[in-house]
Amino acid sequence: MKFLTVLPIVSLIVGIALSLTSGFPLFLGIVLAILVTLVSVKRLGYSWRKQWEFGREGIKQTKPVLIILFLVGLLIPFLMMGGTIPAIIYYGLSVVDVQYMLSLSFLLSAGTSYLLGTSVGTLSTVGLALMGISHTAGISPAMVAGALISGAMVGERFSPISSSRLLILSTIGVQEGEGRKSSWPALLGVAITALMFLGLDLFRQGASETGMIGQYQGLLRQFFSIGLLPLVPLLVLVGSFACRVKAIPALLYGLVTAAVLVIATVPMQFAEMGRSILYGYELHTGTTLDQLVHGGGMLSILSVLVVITLAGFLNGILNKANLLAPLVEKMMGDTQNTVILAGKAVLLSLLVIMISCNQTIPILVMGPTLLPRFSRMEKGSVFLGRTMLDATLVMPVLIPWNGLAMVMSVTLGIPTLDILPYLFFSFVLPVLTIATARTFQAPGSLLPHKKAM
């Protein structure tokens with residue numbers, strides 16, 4: 001393998017590592033990788049103009065993520081100003097047992113994501129509400145965010161309408177339900193993750209007492225109009241996702257509804273509204289409620305938009321110059337042991353996820369590249385499908401600079417590195433799928449190679 005084909009990938013890993021360890025902005029590490037990649041790919045025979053076209057194509061692929069982030073940045077301040085999030089918190093404090101907040105967050109998020117088929121839709125509705133309740137109850141926001149994202153990824157893994165899941169099945173040619181019998185490790189992963197969050201609930205420091213919760217509810221009634229009307233934007237969001245509306249139109253419907261609600265019911269000048277949209281909503285009551293009801297704003301997501309745009313540009317060059325697929329093929333080798341094969345596939349998935357900085361490209365790269373290798377086995381496509389569903393699909397949230405992880409971080413208002421230790425499902429599931437890969441290694445399962453004549 002030529003050194004020039006590996007150098008861009010090495011430079012990306014080094015650049016990101018330097019950014020994370022030295023405290024420099026993450027985009028500088030990606031800029032370093034882009035500069036090295038441009039020079040390396042130029043020496044491989046691609047002109048500057050051609051590389052620019054590759055980069056533009058890569059940015060186009062990140063366009064949906066950028067639009068979703070933009071809409072989320074606009075939506076959250078309007079949900080704050082219109083009293084939607086305060087109303088959700090108020091009613092949620094009356095019905096949710098905060099002593100089991102982490103377990104409930106995981107299970108509610110998993111159930112909602114399974115029904116809606118979208119992790120982003122789950123976190124922008126149920127997720128925001130439960131995050132607000134956790135702030136009020138004095139529970140670690142990072143823990144709750146980890147439980148919510150873990151649950152959202154359960155839905156991505158199992159939901160029959162999950163676009164990522166359907167993309168994996170179609171890419172490798174596995175029919176719906178064909179690999180259902182082999183999905184028991186994922187179900188075991190759900191159970192183990194639920195028990196882990198239950199353990200945290202039982203052993204963490206106790207949540208706020210009922211008196212403190214009552215105090216917060218009193219403050220919410222004092223400064224916001226609590227009722228059914230503020231919940232209309234939430235109902236529009238949930239209804240849109242439930243009707244299988246795609247993420248961007250659904251968020252747009254919710255945004256328009258929330259904006260109309262604010263203009264019609266909140267006595268606020270447009271200049272003040274503009275400041276909230278730009279800098280994030282601030283309540284300024286002089287009470288503890290100020291720390292609960294705040295956030296959002298376009299400036300808070302500007303750095304995230306820059307990182308995703310640069311990552312898309314870099315990925316476009318790497319993908320179009322065909323630097324990823326040969327690397328995957330080389331590293332897979334000629335392994336026949338299914339445990340080692342699954343382990344290599346998981347590690348390579350993680351590497352491609354780190355390089356591509358999104359969720360779709362790893363699926364499109366790993367599926368066609370690994371399918372010929374796995375097809376030499378009996379039920380090899382089912383084996384590959386399970387491995388990708390249990391690893392390639394759920395691991396993007398583990399990478400702080402990945403587009404999906406950044407969308408979730410911005411939506412919940414918690415930094416990706418703070419959430420990382422509590423993403424139990426995305427840690428547990430790839431390990432389980434490797435450990436149980438031996439079930440595919442039945443006698444005679446490896447198809448013999450044809451000898452050359």
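From a predicted model like this one, the values you see are computed outputs, not experimental measurements.
Distance CD/Glu156 to CG/Leu393: 6.0 Å, rounded to 0.5 Å. Taking CD1 of Ile363 as the reference point, atom OG of Ser164 lies at 5.0 Å (rounded to 0.5 Å). For the atom pair Ile419 CD1 and Ser140 OG, the distance stands at 10.0 Å (nearest 0.5 Å). Phe203 CZ to Leu198 CG: the interatomic distance, rounded to the nearest 0.5 Å, is 9.0 Å. With values rounded to the nearest 0.5 angstrom, Leu66 atom CG is found 11.0 Å from Leu71 atom CG. Here the CE atom belonging to Met81 is positioned 9.0 Å from the CD1 atom belonging to Ile263, to the nearest 0.5 angstrom.
Of the residues listed (Asp390, Ile434, Val431), the one engaging Val346 in a side-chain contact (heavy atoms from CB on, under 4.5 Å) is Ile434, and it is the only one.
Taking 4.5 Å as the limit, some side-chain heavy atom of Leu350 sits within range of a side-chain heavy atom of Ile399. A heavy-atom distance below 4.5 Å is not found between the side chains of Leu219 and Thr285. The shortest side-chain heavy-atom distance between Tyr281 and Ile85 does not fall under the 4.5 Å cut-off. By the 4.5 Å heavy-atom criterion applied to side chains, Phe427 and Leu398 are counted as neighbours. Taking the side chain as every heavy atom from C-beta outward, Pro362 and Met395 never approach each other to under 4.5 Å. Proximity of Arg438 to Asn337: side-chain heavy atoms (C-beta onward) are separated by under 4.5 Å at one or more points.
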Next on the checklist: What verdict does the side-chain contact (heavy atoms from CB on, under 4.5 Å) test give for Val397 and Ser119, after you've listed the backbone C-alpha separation in whole Å, the side-chain angles of each residue and the deciding distance to 0.1 Å?
Outcome noted: CA-CA 11 Å; Val397 297; Ser119 55; over 6 Å; no

Checklist entry - Are Thr387 and Leu370 close enough, and set up right, to give a side-chain contact (heavy atoms from CB on, under 4.5 Å), and what steps lead you there? => result CA-CA 11 Å; Thr387 304; Leu370 295 183; over 6 Å; no

Item to check | Full working for side-chain contact (heavy atoms from CB on, under 4.5 Å) between Leu188 and Thr436 | outcome: CA-CA 11 Å; Leu188 179 61; Thr436 58; 5.9 Å; no

Next on the checklist: Quick one, Phe383 with Phe374, criterion ring-ring contact (aromatic ring centres under 6.0 Å, His included). Give me CA distance, side-chain angles, the key distance, then yes/no.
Outcome noted: CA-CA 7 Å; Phe383 182 22; Phe374 277 75; 5.1 Å; yes

Checklist entry - Taking it one step at a time, do Ile277 and Phe78 satisfy side-chain contact (heavy atoms from CB on, under 4.5 Å)? => result CA-CA 8 Å; Ile277 294 172; Phe78 277 112; 3.5 Å; yes

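Side-chain atoms of Thr84 come within 3.5 Å of backbone atoms of Pro230 as a donor-acceptor pair (strictly under, hydrogens ignored). In this structure, Asp201 contributes its side chain and Leu102 its backbone to a donor-acceptor pair below 3.5 Å. With Ser409 contributing its side chain and Ala405 its backbone, the two residues share no donor-acceptor pair below 3.5 Å. Counting only distance, with no hydrogens or angles, the side chain of Thr257 and the backbone of Pro233 share no donor-acceptor pair below 3.5 Å. Put simply, the side chain of Ser113 gets close to the backbone of Ala152: a donor and an acceptor are under 3.5 Å apart. No donor-acceptor distance shorter than 3.5 angstrom exists from the side chain of Arg157 to the backbone of Val394, with no hydrogens or angles considered. A donor-acceptor pair is defined here as one N or O able to donate and one able to accept, closer than 3.5 Å; no such pair exists between the side chain of Trp401 and the backbone of Met406. Using modelled atom types, no side-chain atom of Ser381 and backbone atom of Ile172 make a donor-acceptor pair closer than 3.5 Å. The backbone N or O of Pro141 lies less than 3.5 Å from no partner atom in the side chain of Ser134, so there is not a single donor-acceptor pair. In this structure, Ser349 contributes its side chain and Ala345 its backbone to a donor-acceptor pair below 3.5 Å.
Among pairs with a residue in residues 220-234, those fulfilling side-chain hydrogen bond (donor to acceptor under 3.5 Å, both in side chains) read Tyr90-Arg221, at least two apart in sequence or across chains.
Atom OH of Tyr100 sits in a sparse spot, with 12 or fewer heavy atoms from other residues, nucleotides or ligands closer than 6.0 Å. Within a 6.0 Å sphere centred on CZ of Phe70, heavy atoms belonging to other residues, nucleotides or ligands number 12 at most. For Tyr91, the OH atom is densely surrounded, since the number of other residues' heavy atoms within 6.0 Å is greater than 12.
Contact detail for Tyr422 and Ala142: the closest heavy-atom pair is CD1-O, 3.7 Å. Contact detail for Met153 and Ser426: the closest heavy-atom pair is CG-OG, 4.2 Å. Heavy atoms only, all atoms of each residue included: Ser105 and Val144 are closest at OG-CG1, 3.8 Å. Considering all non-hydrogen atoms of both residues, Ala186 and Leu429 come closest at CA-CD1, 3.4 Å. Nearest heavy-atom pair, Ala145 versus Ile414, reported as atom, atom and distance to 0.1 Å: CB-CG1, 4.2 Å. Looking at every heavy atom in both residues, Ala250 comes nearest to Val245 through N-CG1, 3.6 Å.
Salt bridge status for Arg275 with Glu272: absent, with no side-chain N to carboxylate O gap under 4.0 Å.
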